[in-house]
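The structure appears right after this line, and notes come after that.
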Amino acid sequence: MPALTLDRLLSSIGFGSRKEARALVRMGLVELNGEVLEDPFMELAERPANITVNGEEVPTVEKLYVMLHKPVDVECSHNARDHQSVFALLPDRFTAMGIQSVGRLDADSEGLILLSNQGDFIHKIESPKKGFLKRYRVTLARPFTEAQKAELLKGVMLKDERRPVLAREISEERVVLPDGREVDTVVITIGEGLYHQVRRMFAAVGNHVETLTRISVGPLELDATLGKGGWRFLTDEEVAAFL
Ligand code: URA
């Protein structure tokens, strides 16, 4: 393994090429433990937990595992066409480090989205074989009937799909909104991640999804302390629960 020089460390955490990283050091913008570092080729005996760049203390992890509370009108694409990109809600350096979303949520949907730059993590969660369940809370345009519930649990055929898809679980909940209003919501658990799957399933039984929030993926629940657009790193335990 080549020695961990300061320029190499900065480049590995998204601060550009090694040449660009060296320029940051020469401009006096890099500090460690409160001291400005002047030598871009300085060898670090070990990876520090954090480093300060341009006044901001950043962790030096190379493997990114992130949970984000996606708001509506945000697209899960690096080349968003009609809305803001979800990646614009994260530090730019994450894009330089190769971060991708794990699956997608529609622009009209909100809630838990995972992002990572680790291919094995992304593939594991996306793989239908692993069968990580996803839970969504929806509000509906029309009353939700027992007949609709029974049909969803039995399975519905969606256009252009080869097999019926079914709800693994469905429950109804009354939720108090931040403004004090109470609304009836339905929580549905599915195993696949087909295009617009939840909206299409409710449409197939004659209802219509008005709002859709993903509240969990596999063992991980949306962190209620994250406001819309907020994000945090996953803990080691949360990552291990998937792998
Ligand atoms: N199902 C949908 O219809 N939309 C999503 O964003 C996710 C699941």
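Order of appearance sets the numbers: ligands from 1, and atoms from 1 within every ligand.
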Aromatic contact, Phe121 with Phe242 (centres under 6.0 Å) = yes
Could you pull out every protein residue that has a heavy atom closer than 4.0 Å to ligand 1, ordered by chain and then number?
-> Leu105, Asp106, Ser109, Tyr136, His196, Gln197, Val198, Arg199, Leu212
Is there a donor-acceptor contact under 3.5 Å from the side chain of His208 to the main chain of Ala141?
-> no
Do NZ/NE/NH1/NH2 and the carboxylate oxygens of Arg104 and Glu75 come within less than 4.0 Å?
-> no
Do the charged groups of Arg174 and Glu182 touch, with an N to O distance under 4.0 Å?
-> yes
Shared hydrophobic cluster for Leu115 and Val217 (ILVMFWY, side-chain gaps under 4.5 Å) = no
Does a salt bridge link Arg214 with Glu221, judged by any charged N lying under 4.0 Å from a carboxylate O?
-> no
